[in-house]
Protein chains: 2
Amino acid sequence: MELTERKKKVLRCIVDLYIRTAEPVGSKAIAQLPDMNYSPATIRNEMADLTSMGYLEQPHTSAGRVPSAAGYRLYVDELMADYRLSLDETQSINDAIEEKMQRVDKLMEKVARLVSQATDLPAISVASRSASVTVKRFDLIKAGEGSIILVAMLSTEEVVNKLIKLPVAIEETDLKLLGAVLNATMTQICADEFTPNLMERVMNSAGMGASLVPVVVEFVIDTLRRQESANMAVAGHVRLLEQPEYQSIDKAQRVLSSLDEGALSNLPAVMQNASGTKVLVGPENITEELKDTSVVMTKFDIGDGLQGMIGVVGPTRMDYAKVTARLSYFAESLSKMFNKPEQAQLPTAEAEE
Amino acid sequence: MELTERKKKVLRCIVDLYIRTAEPVGSKAIAQLPDMNYSPATIRNEMADLTSMGYLEQPHTSAGRVPSAAGYRLYVDELMADYRLSLDETQSINDAIEEKMQRVDKLMEKVARLVSQATDLPAISVASRSASVTVKRFDLIKAGEGSIILVAMLSTEEVVNKLIKLPVAIEETDLKLLGAVLNATMTQICADEFTPNLMERVMNSAGMGASLVPVVVEFVIDTLRRQESANMAVAGHVRLLEQPEYQSIDKAQRVLSSLDEGALSNLPAVMQNASGTKVLVGPENITEELKDTSVVMTKFDIGDGLQGMIGVVGPTRMDYAKVTARLSYFAESLSKMFNKPEQAQLPTAEAEE
DNA sequence: CTTGGCACTCGAGTGAGTAGAGTGCTAATA
DNA sequence: TATTAGCACTCTACTCACTCGAGTGCCAAG
């Protein structure tokens, strides 16, 4: 059977209406829509066709129709109208970002929270690094009697440090030597390249400072690894409960706990090579527990070799047009904010973390 | 009316049973308990008394009794049996702590998560500083052409840093001067004491480095404030849904969102001067939304002038004995862990945050 | 003081009956 | 040929009356 224009139109109206009402949609309701110039009977025929084609489902004989996963897929890909953000909406998104991003304490947590607020759905926010990180330069500062401070500037322009308690006193000259050796041998090297072999060589040439080398190396590897690992946050779980499909505790609990247990942690991988905004409808989600939910996600640019991703989780019946629009706009605003020159300090401020 | 021993015993049994079953308790059920040598009728009389004394409540005429807030209070303060942790329980708590605390990335988040796991309830974990923080010493490192790194060692032995981009070039000698001035004037000073007055004086004596002073001051104040502010995490919200009292979405949603919005943020204040384990029963909670829940919390010691607090939230009908025991043990284990010498690096590692 | 007995209350669960929304099919219509 | 009106049919959600049983309070006997 062929998918005529009219069939598409009917499908679109059904999905639109179902998104609004969360109730199965009947032929009468569709026929009554302003620009639908057909009788309920005609619509019924179309609906029967759409059902047999797999785009609609019927909870039971005398109920209206509900979109199937395939129906949503088609809707998302072809049918849905562009949602234009109102000035109010863009304004409030921008305000939220401006206001909240002053302190970059828990960046991803905050982004997730904001996205969740903007969409009224649980949200995820991830930052991951696209390239590997290395140390650009080491400094050693003598701090009081028995301790020194190791300062390392990373390839990302971030600066990290560690206070090292000395087991034995160390001379200023030895410290200088150690510093020179570190800078000569252990810069421009990523975490995986710190072999035992290298470490031995460094220790041999470090003189009195040799005993410090293992501590330094451990710290550096740990730091680089941490810098490279994805930083992820989920916020606003509770908003799922606002959706009529989660009025049954069982369902809600199953989904919420799977969110809590990090069911979303494989999303970044999905997004890796994609661009723009991506929608996963129901069964397309990898996790079993999220079979009845959809995910919308998009990338943004943090700058400094950091790649950001934000996404939301909701019932398959969610307002894809609106959510997609808000999410995209959000991503855009975030990208802008992170790359505004006067905000260049932000990623740096992260160095404290 | 007097609260006889037998009345207490009856009350204790009712609370115990209600905690187990979450169903109103009838006189028959109590009379059938092994060491209760009275008939249902007698128990009924006692229950009537306890009800008129305000320790019990009756959902409706023909239902059993349920403890009132006052009843729980009495139970917690006097009646409940000590809960002895089994070897299994202590073991698994210790294992969890050992295993998870290797990397101290998001300390409070992890603690909260663990506590929540150990108690099957939503948990909160807070770290707050008991004394105010000051800078102990400044260092300035020239990093490449146009930037310097400011390193500040705090009174807490933690080290923080910031990369500062220079608007104009600065000579090595000027940098030395600036460093000296900073160390002379801005150490041993807590966040509130950075007056505009002081800043002006510093700028006057800083020579070429004067333009950097505002940046430095802003960073320092921000850092000190951040160090002093409490660091808090809540985990395991979802576990509330496991409790029969939150089978109604409305209730669950109200409580969960208030948790999400930080309803617990005033708990640390409550705990400030208290010691040991504290229980807040129902209406004793300050927040309106938590009227029907109880909170159990206790302190632990992070060392380094840091004060920790862990707590859980649950229905007023919760197993106070068990929760209290596990929480106390948890706090004890955490204190031990944080103050073990070979783990002394942990709080230092936090310096990176 | 304790206990057995008894009438009473009230919620939870059951089952029949009804209203109404929606369908599929057929025959009439443009 | 495509559309529509009409109609019988299906199925759920809701209401209402009814019963069952757990639990109570009170009284009188032990």
Side-chain angles (χ1 to χ4, degrees), chain A residues 1-11 13-18 20-33 35-68 71 244-245 247-248, chain B residues 1-11 13-18 20-33 35-68 71 244-245 247-248:
Chain A
M1 198 177 316
E2 206 194 347
L3 194 60
T4 63
E5 273 312 309
R6 195 173 67 187
K7 282 193 175 48
K8 285 188 188 173
K9 186 172 173 186
V10 170
L11 178 56
C13 291
I14 291 174
V15 178
D16 280 339
L17 199 58
Y18 184 62
R20 278 225 319 280
T21 61
E23 302 269 305
V25 179
S27 54
K28 211 167 140 198
I30 295 299
Q32 276 168 355
L33 291 178
D35 64 337
M36 186 64 69
N37 302 312
Y38 297 99
S39 75
T42 311
I43 305 295
R44 268 207 294 286
N45 287 329
E46 296 291 45
M47 284 166 86
D49 289 352
L50 285 167
T51 306
S52 72
M53 292 165 81
Y55 294 117
L56 293 178
E57 278 166 3
Q58 214 168 358
H60 55 85
T61 333
S62 75
R65 302 302 213 286
V66 163
S68 70
E245 20 272 287
Q247 292 307 37
S248 118
Chain B
M1 199 177 312
E2 207 193 344
L3 194 60
T4 62
E5 272 313 308
R6 196 174 67 186
K7 281 192 175 48
K8 285 189 188 175
K9 186 171 173 188
V10 170
L11 178 56
C13 290
I14 292 175
V15 178
D16 279 339
L17 199 57
Y18 184 62
R20 279 224 321 278
T21 62
E23 303 269 306
V25 179
S27 53
K28 210 166 141 200
I30 294 300
Q32 275 168 356
L33 291 178
D35 63 338
M36 185 66 68
N37 302 315
Y38 296 99
S39 75
T42 312
I43 304 294
R44 270 208 292 287
N45 287 330
E46 295 291 44
M47 283 165 88
D49 290 351
L50 285 167
T51 305
S52 73
M53 292 165 82
Y55 293 118
L56 293 178
E57 277 165 4
Q58 215 168 358
H60 55 82
T61 332
S62 76
R65 301 304 213 286
V66 163
S68 69
E245 20 271 289
Q247 291 307 37
S248 119

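Just so we're on the same page: letters track the sequence lines, and every chain starts at 1.
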- Atom CG of B/L50 and atom C1' of D/dT24 are separated, to the nearest Å, by 15 Å

- Query: Tell me: CE of B/M47 to C1' of D/dG25, nearest whole Å?
  - Reply: 12 Å

- Query: Rounding to a whole Å, what distance do you find between A/N45:CG and C/dG22:P?
  - Reply: 17 Å

- Taking N and O atoms by type only, does the side chain of B/R44 place a donor or acceptor under 3.5 Å from a partner on the base of C/dG4? no

- So, is A/R6 close to the D/dT3 phosphate, meaning a side-chain N or O under 4.0 Å from OP1 or OP2? yes

- Toward the 5' end of DNA chain C, which comes first, B/N37 or B/P59, by nearest nucleotide? B/N37

- Item | Nucleotide D/dT4, atom C1' - distance to CD of A/E46 in whole Å | 13 Å

- After noting the C-alpha distance and the side-chain angles of A/R6 and A/E46, does the key distance pass the salt bridge (Lys or Arg N to Asp or Glu O under 4.0 Å) rule? CA-CA 8 Å; A/R6 195 173 67 187; A/E46 296 291 45; 2.6 Å; yes

- Between B/H60 and B/S39, name the one whose nearest nucleotide on DNA chain C is closer to the 5' end. B/S39

- Once you round it to whole Å, what is the distance between C1' of C/dC1 and CD of B/E2? 16 Å

- Taking only side-chain nitrogens and oxygens of A/S27, does any of them come within less than 4.0 Å of OP1 or OP2 of C/dT23? yes

- Protein-nucleotide distance (A/K28, atom NZ; D/dT4, atom P), rounded to Å: 16 Å

- Respond yes when some side-chain nitrogen or oxygen of A/S62 is under 4.0 Å from OP1 or OP2 of D/dT12, and no when none is. no

- On a plain distance test, is the side chain of B/R65 in donor-acceptor contact with the base of D/dG25 below 3.5 Å? no

- To the nearest Å, how far apart are A/Q58 CD and C/dT23 C1'? 7 Å

- Message: Check this one for me: any side-chain N or O of A/T42 less than 4.0 Å away from OP1 or OP2 of D/dT4?
- Response: yes

- For A/I43 and D/dA2, give me the distance from atom CD1 to atom P, rounded to whole Å. 16 Å

- Note on the structure: In terms of heavy-atom contacts, B/M47 and B/L56 come closest through O-CD1, 4.1 Å

- Could you tell me which non-hydrogen atom of A/P40 sits nearest to which non-hydrogen atom of A/A31, and how far apart they are? N-CB, 3.7 Å

- Message: Please classify the nucleic acid contact of A/A41 as base, sugar-phosphate, or nothing, using heavy-atom distances under 4.0 Å.
- Response: base

- Which pair of non-hydrogen atoms, one from B/Y18 and one from B/E245, has the smallest distance, and what is that distance? OH-OE1, 4.5 Å

- Determine the minimum heavy-atom distance between A/P67 and A/V15, stating which atoms define it. CG-CG2, 3.8 Å

